[in-house]
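Counting starts at 1 for both ligands and their atoms, following the listed order.
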Amino acid sequence: MADTKETLIKTENLKVYFKNKGGEGDVRAVDDISFSIFKGETFGVVGESGCGKSTLGRAMIRLLPPTDGHVYFKDTDIKGLNKKQMKDMRKKVQIIFQDPSACLNPRRNIRKILEEPFQIHGIKDKSYVDQRIHELMDLVGLAEYHLNRYPHELSGGQKQRIGIARALALNPEFIVCDEAVSALDVSVQAQVLNLLDELQEKLGLTYMFISHNLSVVHHISDRVGVMYLGKMVEISEANALYEKHYHPYTEALLSAIPQVDKEKQGQRIILTGDVPSPSDPPKGCRFHTRCSRCMEQCKQTEPVLREIEAGHLVACHLYDQQ
Ligand code: SF4
């Protein structure tokens, strides 16, 4: 991670609500989230499926419009950008999706697929585009001959490398990796994670790495944010979080990671009860219906995310006095 802690992108009271088809109330996928990602770091986001982490990632790069609140990229509020300004912004912010097969046009060969971002942005200089495509193939560790192949002729790992090359085409600064290795075999996952690490080092990239896999997030992240039902409940430096966590939800999540080291093996905490509906979240602390340490106050008052140690933020009434 970079030595300086210059903020690259941040949200302020960001909300993303969806119409609840057939039900009452909006689905509050992201509900009042404020946090920052520093230049050059990997910020991991974890939480159960449906907690809003992918929606948050998409809203950060305006693939989804915010219902309320702001996203600032280098102090520019991206909500206020017009179509042309947003198109320029798209060069700086990119996304790598979970399923590379679904993102690559099966009727186009890899060369055509990699030409697309340049066409979209009106870059017509053929010799520049050719040279850039060769650089991209080299960066992601694929050979020239792969350019003539079609997606179905590539392995899952190779397809994801093409997804990464396409995301890198226009020299972005910030990339959302949305479950970017979840669809790959474990051995291939490690190769792609190492590639992402190398590219970050080489190109000075900043990542938001979204995953339900806590071990993968620990491996790649500098800092981690834990999400529950549309809220950020704990943020910390990654190693510190895995050593010492405060929020009862983080405790339960991390207790599920298998440990080889016997000394680190603790009691697995099984969460009872279903995750409440994001269209009708519980009053007070959203986790109170499943929290074994719930107090009366938790049912009435929503805890605020605040710093309880340097760089460690928690939203839980247990630490109100600290
Ligand atoms: Fe549990 Fe209360 Fe903390 Fe929520 S605020 S996590 S219910 S102790």
Subject >> NZ/NE/NH1/NH2 to OD/OE distance under 4.0 Å, Arg286 and Glu302 >> reply: no
**OP:** Determine whether the side chains of Glu144 and His134 contain a donor N or O and an acceptor N or O closer than 3.5 Å.
**Re:** yes
Original post:
Can Glu234 and Thr250 be counted as having a side-chain donor-acceptor contact under 3.5 angstrom?
Top reply: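 Thr250 and Glu234 do have a side-chain donor-acceptor pair below 3.5 Å.
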Subject >> Parallel, tilted or perpendicular: ring planes of Phe73 versus Phe174, cut at 30 and 60 degrees >> reply: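 Answer is tilted, since the angle falls between 30° and 60°.
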**OP:** Run the numbers for me: atoms of ligand 1, each under 4.0 Å from some heavy atom of His247, listed by number.
**Re:** 6 (S)
Subject >> For atom 2 (Fe) of ligand 1: protein N/O/S atoms at distances below 2.8 Å >> reply: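 Number of qualifying protein atoms: 1.
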Original post:
Using the benzene-type ring in the case of Trp, are the ring centres of Tyr246 and Tyr319 under 6.0 Å apart?
Top reply: yes
Indicate every side-chain donor-acceptor pair of residues 183-191 with a distance under 3.5 Å to a residue at least two apart or in another chain.
from, atom 1, to, atom 2, distance (Å)
Gln189, NE2, Val181, O, 3.2
Gln189, NE2, Leu184, O, 3.3

